[in-house]
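Numbers for residues simply follow the sequence, beginning at 1. These values consider heavy atoms only, across backbone and side chains, with no hydrogens, waters or symmetry-generated copies.
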Amino acid sequence: MLRRALLPAIFAILACQPVLAREVTTRTWVENGVTWTETTVVEVEEPGSERIAGLPRADVKGVASFGPFEVLDGSRAALVAETDSYSPADFQKMLRAFPGIRMLEMPDCPGTVDDHANLRLGRMIRARGIATRVPEHGSVRSGAVELFLAGASRSAAPDAEFVVHSWIDDEGLEPDDFSASDPVNRAYLDYYREMGLGPDKASAFYALTNSVPNDQVLTLGTADLAQYAALN
């Protein structure tokens, strides 16, 4: 069932915050026969689009935490917070420590503050053949919907909800401020195609999300999403 609503003011504020990225430089030298390595980490603001709606972190505690991920057991992890510029690296660290993970549970996922990193993360999920699942009463919102679509197989409880709306960039621009053929819009269509949506379905789904301004939301049910993306 489609439901449209306004976002609380706090989410509109979050959507306009700059994205923090990490620049890492390393230099190595030899002094008096000893090899020294110096690593410098600098936080920088990175322009980009973002979509987030919801509480900062779900009340889920696993056996280990990696950024927005909680490891539930040797084969399952859960996404419980918004993704950011560090999330692809967090995901890699998690899989190095728990290489048997094959399922990503999505009980309460608010979205992303860095859509560029979020799409990279989605491609990593797909490349590793990890399935995505939304349990009973689960809620997948904003940029997290792209991560659900990344699943090698996708499943959702009948009462799961999927919240969509337009992205917004650091200058306050949204998809409709660019031409349909602009690379910033093509990036999402290309992503949906890579995640298995046909050309017509990809275009229709992106048009649906863009029909809702960033400061509003449209809530889709499991059956609604299944019209665009195959579910198991």
Side-chain angles (χ1 to χ4, degrees), residues 2-23 43-54 68 79 82-88 109-127 140-151 154 161-220 224-225 227-229:
L2 302 178
R3 299 194 302 277
R4 190 165 181 165
L6 290 172
L7 279 172
I10 187 172
F11 302 146
I13 293 172
L14 281 169
C16 296
Q17 297 301 310
V19 179
L20 286 179
R22 179 183 295 173
E23 289 185 351
E43 304 286 352
V44 297
E45 289 187 4
E46 178 182 87
S49 56
E50 50 197 78
R51 285 167 299 155
I52 184 168
L79 179 64
E82 75 278 4
T83 65
D84 57 22
S85 303
Y86 310 142
S87 297
C109 308
T112 185
V113 295
D114 185 344
D115 246 346
H116 302 311
N118 197 61
L119 296 184
R120 291 199 301 273
L121 176 59
R123 290 184 170 97
M124 294 166 66
I125 292 170
R126 174 57 67 102
V140 176
R141 304 181 294 282
S142 302
V145 175
E146 272 69 40
L147 301 183
F148 174 75
L149 295 177
R154 301 178 287 250
E161 68 172 18
F162 299 87
V163 174
V164 300
H165 58 165
S166 299
W167 50 261
I168 189 169
D169 69 13
D170 61 315
E171 296 181 352
L173 299 177
E174 300 190 25
D176 288 345
D177 293 310
F178 301 87
S179 69
S181 60
D182 190 281
V184 71
N185 282 318
R186 294 299 312 174
Y188 292 88
L189 293 172
D190 291 344
Y191 177 86
Y192 295 141
R193 292 291 307 279
E194 291 176 38
M195 298 305 120
L197 279 66
D200 292 343
K201 298 290 188 182
S203 295
F205 183 69
Y206 192 48
L208 178 67
T209 65
N210 293 342
S211 70
V212 188
N214 181 262
D215 62 353
Q216 300 180 34
V217 296
L218 178 67
T219 301
L220 310 177
D224 299 318
L225 187 64
Q227 297 179 41
Y228 302 94

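Leu147 places a side-chain heavy atom less than 4.5 Å from the side chain of Thr83. Looking only at side-chain heavy atoms (C-beta outward), Thr209 and Tyr188 stay at 4.5 Å or farther from each other. Contact of the Asp176 side chain with the Glu174 side chain is not registered, since no non-hydrogen atoms from C-beta on lie closer than 4.5 Å. Two residues are said to be in side-chain contact when any heavy atoms from C-beta on lie closer than 4.5 Å; Leu208 and Leu220 meet this criterion.
Here the side chain of His165 pairs a donor or acceptor atom with the backbone of Asn214 at under 3.5 angstrom. No donor-acceptor pair closer than 3.5 Å links the side chain of Arg141 to the backbone N or O of Val163. Side-chain atoms of Asn118 come within 3.5 Å of backbone atoms of Gly143 as a donor-acceptor pair (strictly under, hydrogens ignored). A donor-acceptor pair under 3.5 Å links the side-chain atoms of Asn185 to the main chain of Ser179, judged by distance alone.
Considering every non-hydrogen atom in both Asp115 and Thr112, the closest pair reads OD1-CG2, 3.2 Å. Listed here is the closest heavy atom pair of Ala202 and Arg193: CB-CD, 4.1 Å. Closest non-hydrogen pair, Gly122 versus Ala150, comes out as O-CB, 3.2 Å. Gly151 and Arg126 make their closest contact through O-NH2, 3.0 Å (heavy atoms, listed as atom of the first residue, atom of the second, distance). Taking every heavy atom of both residues into account, Pro88 and Met124 meet most closely at O-CE, 3.3 Å.
Atoms CG and CD, on Leu119 and Glu194 in that order, are 9.0 Å from each other to the nearest 0.5 Å. For the atom pair Phe162 CZ and Thr219 OG1, the distance stands at 11.5 Å (nearest 0.5 Å). Between Tyr206 atom OH and Ser166 atom OG the span is 7.5 Å, to the nearest 0.5 Å. For the atom pair CD1 (Ile125) and CD (Glu146), the distance works out to 11.0 Å, reported to the nearest 0.5 Å. Taken from CG in Leu149 to CE in Met195, the straight-line distance is 8.5 Å, to the nearest 0.5 Å. The distance from the SG atom of Cys109 to the CD atom of Glu82 is 11.0 Å, given to the nearest 0.5 Å.
Inspection of the Tyr86 and Asp114 side chains reveals no N or O donor paired with an N or O acceptor under 3.5 Å.
Gln227 meets the side chain to side chain donor-acceptor pair (under 3.5 Å) test with no other residue; sequence neighbours excluded. Not counting sequence neighbours, the partners of Phe205 by the ring-ring contact (aromatic ring centres under 6.0 Å, His included) test are Tyr192, Tyr228.
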